[in-house]
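In each ligand, atom 1 is the first atom listed, and ligand 1 is the first ligand listed. None of these values were measured; they are calculated from a predicted model.
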Amino acid sequence: MGDLSRIGVAIDTQLLRRFDRFIAHKGYQNRSEAFRDLIRDRLVGSAVVAPNAFVVGTVTLIYDHHTRLLPEKLTDLQHEHHHVIISTLHAHLDHESCLEVVVLRGKSKEVQKLADRLISTKGVQHGRLVMSSPETAADHH
Ligand code: NI
């Protein structure tokens, strides 16, 4: 390991409680090691595909549609990037929560960038991109 840096992270108490249960279940001795593993995992996961490789992907978003201007922001973003988006599925889970699945196709860097913007939009509670390269997938057949 190289030089160590200490960081402070503000985190929702409930979320931290869930994280602590999760890492205890996984056998971590402390939060630092668990955080490092999560960060490494995330970095590796996003570096596998070359920036110009053709990929398909889905972004799954969970959000509260009462959050001010959030549905509009997400729709605007999708219209701005219509050339990368194949389809969007929207499900109203209950009175507050929405599930949106956006199907993407294009260069890895474009898909990744749009996914990052959707997921990091303020008010989105949970988001995840799953990316696949059709050429790679074809190798398995
Ligand atoms: Ni909805």
Apex the Ni ion (ligand 1); atoms H90 NE2 and C98 SG; angle rounded to 10 degrees: 100°
is_close_aromatic(F35, F19), centroid dist under 6.0 Å: yes
Under 2.8 Å: N/O/S of H65 next to the Ni ion (ligand 1): no
Residue pair R105 / V111: nearest heavy atoms and the distance that separates them: C-CG2, 4.0 Å
NZ/NE/NH1/NH2 to OD/OE distance under 4.0 Å, E110 and K113: no
Name of the H92 atom (N/O/S only) found closest to the Ni ion (ligand 1): ND1
Main-chain N/O of Y63 paired to T67 side chain as donor or acceptor, under 3.5 Å: no
